Q: 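Supplied in structure tokens, the structure appears directly below.
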Amino acid sequence: MEAFKKGPWSKEEDAILLDWVAVNGPHNWSSIQSKGRLMRTGKSCRLRWVNKLRPGLKKGRKFSPAEEEMVVKLQGEIGNMWAHIAQFFLGRTDNDVKNLWSTRKKRLARNKRDLLSSISGNETGMHGPELVNLLIGNPSVSLPSFLSLRRLQLQVLRTRFIFDYLHVR
DNA sequence: AAGCTTACCAACCGCATCGAG
DNA sequence: ACTCGATGCGGTTGGTAAGCT
């Protein structure tokens with residue numbers, strides 16, 4: 001039983017794969033290995049072709065803000081069906097869309113965390129769950145003074161606006 | 001300049017589905 | 001009807017480039 005190669009693809013391997021597809025078309029991936037052309041699994045060959053070697057792929061990688069907005073919209077409508085979402089973007093793969101989404105998710109989680117920690121030291125002395133209750137509209141708390149209340153209200157409004165803007169739920 | 005953090009990307013894994021035999 | 005290999009997809013991980021302190 002021979003071991004399959006894993007990890008990054010070399011230029012030579014790419015050339016072999018391109019050559020194979022030029023002759024045989026983009027299918028029968030497993031026979032590339034079985035005929036001794038590449039020591040890669042069929043899955044690995046297919047993935048390499050779909051994500052990197054396929055003609056028409058966008059080389060200038062990054063998604064534009066408009067594209068990102070579109071991904072968010074589509075994800076909201078059809079869920080994590082990345083392959084379907086990718087069909088709306090010429091030259092993008094499901095992997096591209098998936099990567100965009102997970103990066104965005106991490107970014108939003110971080111923003112949310114930063115925001116909560118930045119408001120935890122406010123002048124009312126409230127923090128943690130108490131303050132979160134207030135932010136989500138459950139002020140079962142006694143406020144120190146009118147002035148603090150006004151300032152806090154403004155802070156809450158600002159925070160809610162930022163949360164909405166960032167689509168933080 | 002060095003070390004650390006974050007964002008981005010490539011590629012693997014596991015699982016589901018499909019079709020041929 | 002069942003098995004098994006091929007294929008496709010979503011989730012995840014690891015490497016690295018870029019930015020920041």
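In what follows, chains carry the letters A, B, and so on, assigned in the order in which the sequence lines appear, proteins first and then strands, with residues in each chain numbered from 1. The shown structure was predicted, so the numbers you read here are calculated from the model rather than taken from an experiment.
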Q: Would you call Leu18(A) and Trp49(A) a side-chain contact if the rule is heavy atoms closer than 4.5 Å?
A: yes
Q: Kindly work out whether a path of hydrophobic side-chain contacts (I/L/V/M/F/W/Y, heavy atoms less than 4.5 Å apart) joins Leu47(A) to Leu57(A).
A: no
Q: If only side-chain N and O atoms of Arg107(A) are considered, is one of them under 4.0 Å from the OP1 or OP2 phosphate oxygen of dT6(B)?
A: no
Q: Regarding dA11(B), can its base be found pairing with the side chain of Asn95(A) as donor and acceptor, where the two atoms are less than 3.5 Å apart?
A: yes
Q: Taking all heavy atoms of Trp101(A) and all of Val71(A), pick out the closest pair and write down the distance.
A: CE3-CG1, 4.2 Å
Q: Is there a donor and acceptor pair, one atom on the side chain of Lys43(A) and one on the base of dG5(C), closer than 3.5 Å?
A: no
Q: Give the rounded distance in Å between these two atoms: NE2 of His27(A) and P of dC18(B).
A: 20 Å
Q: Taking NZ from Lys98(A) and P from dG8(C), how many angstroms apart are they, rounded to a whole number?
A: 14 Å
Q: Between Ser30(A) and dA6(C), is there a contact of a side-chain N or O with OP1 or OP2 at under 4.0 Å?
A: yes
Q: Send over the distance from Lys106(A) NZ to dT5(B) P, rounded to a whole Å.
A: 15 Å
Q: Pick base, sugar-phosphate or nothing for Ser102(A), based on heavy-atom distances below 4.0 Å to the nucleic acid.
A: nothing
Q: Is there a side-chain contact between Thr41(A) and Trp29(A) in this structure, where contact means two heavy atoms from C-beta onward sitting under 4.5 Å apart?
A: no
Q: Distance under 6.0 Å and angle within 45° of the ring axis: does Arg40(A) meet both against Phe4(A)?
A: no
Q: Quickly work out the Leu100(A) CG to dA10(B) C1' distance and round it to whole Å.
A: 16 Å
Q: For Thr93(A) and Ala86(A), which heavy atoms make the closest approach, and how far apart are they?
A: C-CB, 3.6 Å
Q: With distance as the sole test, does Asn24(A) use its side chain to make a donor-acceptor pair with the main-chain N or O of Trp20(A) at under 3.5 Å?
A: yes
Q: Kindly say whether, by distance alone, the side chain of Asn99(A) makes a donor-acceptor pair under 3.5 Å with the base of dA10(B)?
A: yes
Q: Quickly work out the Trp101(A) CH2 to dC9(C) C1' distance and round it to whole Å.
A: 17 Å
Q: Are Arg40(A) and dC12(B) close enough that a side-chain N or O sits under 4.0 Å from OP1 or OP2?
A: yes
Q: For the pair made of CG in Asn28(A) and C1' in dA6(C), what is the distance, rounded to whole Å?
A: 9 Å
Q: Measure the distance from CD on Gln33(A) to P on dT7(C) and round it to the nearest whole Å.
A: 12 Å
Q: Figure out the CG/C1' separation between Leu53(A) and dA11(B), and round it to whole Å.
A: 13 Å
Q: Output yes when at least one side-chain N/O atom of Arg46(A) is less than 4.0 Å from OP1 or OP2 of dA6(C), else no.
A: no
Q: Short of 4.0 Å, heavy atom to strand atom, which residues of residues 80-91 of chain A count as contacting DNA chain C?
A: Asn80(A), Met81(A), Trp82(A), Ala83(A)
Q: For dA11(B), does OP1 or OP2 lie under 4.0 Å from any side-chain N or O of Arg48(A)?
A: yes
Q: Kindly say if Lys6(A) contacts the phosphate of dA11(B), meaning a side-chain N or O under 4.0 Å from OP1 or OP2.
A: no
Q: For the side chain of Asn99(A) and the backbone of Asn95(A), is there at least one donor-acceptor N/O pair under 3.5 Å apart?
A: yes
